[in-house]
Amino acid sequence: RERKMYMACRNDIHRHDAPFIAVYKSLIPAEEELEKQRQLMAQLENLVAKEWPHAKLYLYGSCANSFGFPKSDIDVCLAIDDDDINKSDMLLKLADILESDNLQNVQALTRARVPIVKLMDPVTGISCDICINNVLAVVNTKLLRDYSRIDVRLRQLAFIVKHWAKSRRVNETYQGTLSSYAYVLMCIHFLQLRRPPILPCLQEMKPTYSVRVDNIRCSYFDDVDRLENFGSSNRETIAELVWGFFNYWAYAHDYANTVVSVRTGSILGKREKDWTRRVGNDRHLICIEDPFETSHDLGRVVDKFSIRVLREEFERAAEIMHQDRNPCAKLFEPY
Ligand code: CTP
Ligand code: MG
């Protein structure tokens with residue numbers, strides 16, 4: 001009987017596709033916003049080139065990975081191939097340069113975990129953080145963007161999950177919940193494991209792109225135009241996938257023993273990663289492997305209190321998807 005009810009729910013789920021697609025569409029930034037970002041980026045490139053002719057500027061994070069919301073700040077990485085630079089000095093110098101070009105609220109945070117300069121552009125209203133030589137973030141941004149080009153359902157699912165996480169306040173790493181980056185990886189992984197799969201595992205395919213960053217070899221198949229139809233034999237729609245995603249994290253994921261891995265397109269054991277116990281502040285209560293920095297667990301920010309908050313939110317979302325007549329409204333209700 002339970003199975004029958006379950007199937008009835010699933011068959012009925014399609015009537016929620018249209019509202020979810022509408023939410024997704026409302027979250028996509030407008031072209032003029034992207035144009036403003038490009039404008040600010042060009043200005044910054046100009047300023048930086050004058051002082052450091054060999055430096056390059058890259059966008060990373062949500063403004064470049066295709067999972068950005070409207071009005072998000074932009075993240076910029078200044079890459080300079082010079083072993084002798086002192087990051088703090090360089091950031092202070094950069095702050096001076098930016099200030100004399102009339103950028104506002106310029107602030108060098110040289111002691112942060114990732115040292116940055118913050119600024120606000122009064123012309124476009126965009127805020128921006130600039131860091132130095134965080135090239136791994138530029139490369140993982142490209143990986144996320146390449147995945148998003150394979151099947152539109154990734155972008156749909158990730159926007160909805162991010163919107164849910166922000167509405168429910170479980171997208172706050174300083175409070176022990178997960179980063180947007182972690183949520184997007186969870187979505188990619190989920191779509192890699194659908195049967196038939198909706199996404200391939202790009203890092204297990206023959207590499208067409210390969211760079212070495214901080215002694216880590218980053219390579220994968222990036223010729224994604226050739227994978228346009230990869231997921232087409234799977235006909236699942238967005239409402240089904242949202243349902244499946246929350247159901248997985250609420251009831252099916254083995255938190256005690258497993259690690260989700262986009263790199264291998266599979267579920268790994270905590271044992272093989274040696275993530276079975278707390279080491280320092282890393283508790284490994286929910287394990288999401290970084291695709292390149294494989295010793296990095298994106299769930300390490302989660303502690304014994306926030307894991308409960310997270311799991312309760314996954315369960316709440318799954319229950320809403322199972323039972324609610326209008327899940328789209330309830331799911332994103334502010335916490
Ligand atoms: N990043 C990372 N390792 C982390 C967290 C973030 O490498 N533990 C990098 C990723 O390149 C990510 C970027 O920093 O794309 C920005 O992270 P985050 O703010 O979590 O994601 P955004 O995509 O910018 O999302 P939001 O819209 O919430 O700003
Ligand atoms: Mg960001």
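For ligands, and for the atoms within them, numbers begin at 1 and follow the listed sequence. Values below: every heavy atom of this structure, side chains too, minus hydrogens, waters and symmetry copies.
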Close N or O approach (Ala137, ligand 1; < 3.5 Å): yes
Sub-3.5 Å N/O-N/O distance, Asp290 and ligand 1: no
Sub-4.5 Å side-chain heavy-atom contact between His54 and Asp82: no
Any donor-acceptor N/O pair, Glu289 side chain to Val260 backbone, under 3.5 Å: no
Ligand 1 atoms in contact with Lys166 (distance to a heavy atom under 4.0 Å): 26 (P), 27 (O), 28 (O)
Contact partition for Tyr60 relative to ligand 1, non-hydrogen atoms under 4.0 Å: side chain
Phe190 and Tyr248 aromatic ring geometry - parallel, tilted or perpendicular at 30°/60° bounds: tilted
Atom 5 (C) of ligand 1 [closest protein heavy-atom partner, distance rounded to 0.1 Å]: Tyr181 CD2, 3.8 Å
Side chain, backbone, both or neither: the part of Leu144 lying under 4.0 Å from ligand 1 by heavy atom: neither
Test item: side-chain donor near acceptor, Asp223 and Thr208, under 3.5 Å: no
Approximate separation, where rounding is to 0.5 Å, of Phe67 CZ and Tyr181 OH: 11.5 Å
Pairs touching residues 100-114 that satisfy side chain to side chain donor-acceptor pair (under 3.5 Å), sequence neighbours left out: Gln43-Asp101
Identity and separation of the nearest protein heavy atom to atom 24 (O) of ligand 1: Ser62 N, 3.1 Å
Under-4.0 Å heavy-atom contact with ligand 1, by part of Asn65 that carries it: side chain
Option set Ser66, Ser180, Gly61, Ala165, criterion heavy-atom distance to atom 18 (P) of ligand 1, minimum: Ser180
Pair Glu33 + Lys36, salt bridge at N-O below 4.0 Å: no
Numbering as shown, the atoms of ligand 1 that approach Thr141 to under 4.0 Å (heavy-atom distance): 11 (O), 15 (O)
Carboxylate-amine/guanidinium proximity below 4.0 Å for Arg149 and Asp225: yes
Residue-ligand contact Glu293/ligand 1, heavy atom below 4.0 Å: no
Closest approach of any protein heavy atom to atom 8 (N) of ligand 1, naming residue and atom: Leu298 CD2, 3.2 Å
Side-chain ion pair, Arg38 and Glu31, N-O less than 4.0 Å: yes
Top protein contact for atom 27 (O) of ligand 1, by heavy-atom distance: Lys162 NZ, 2.8 Å
Closest to atom 7 (O) of ligand 1 (judged by heavy-atom distance), picking from Asn140, Asp73, Thr173: Asn140
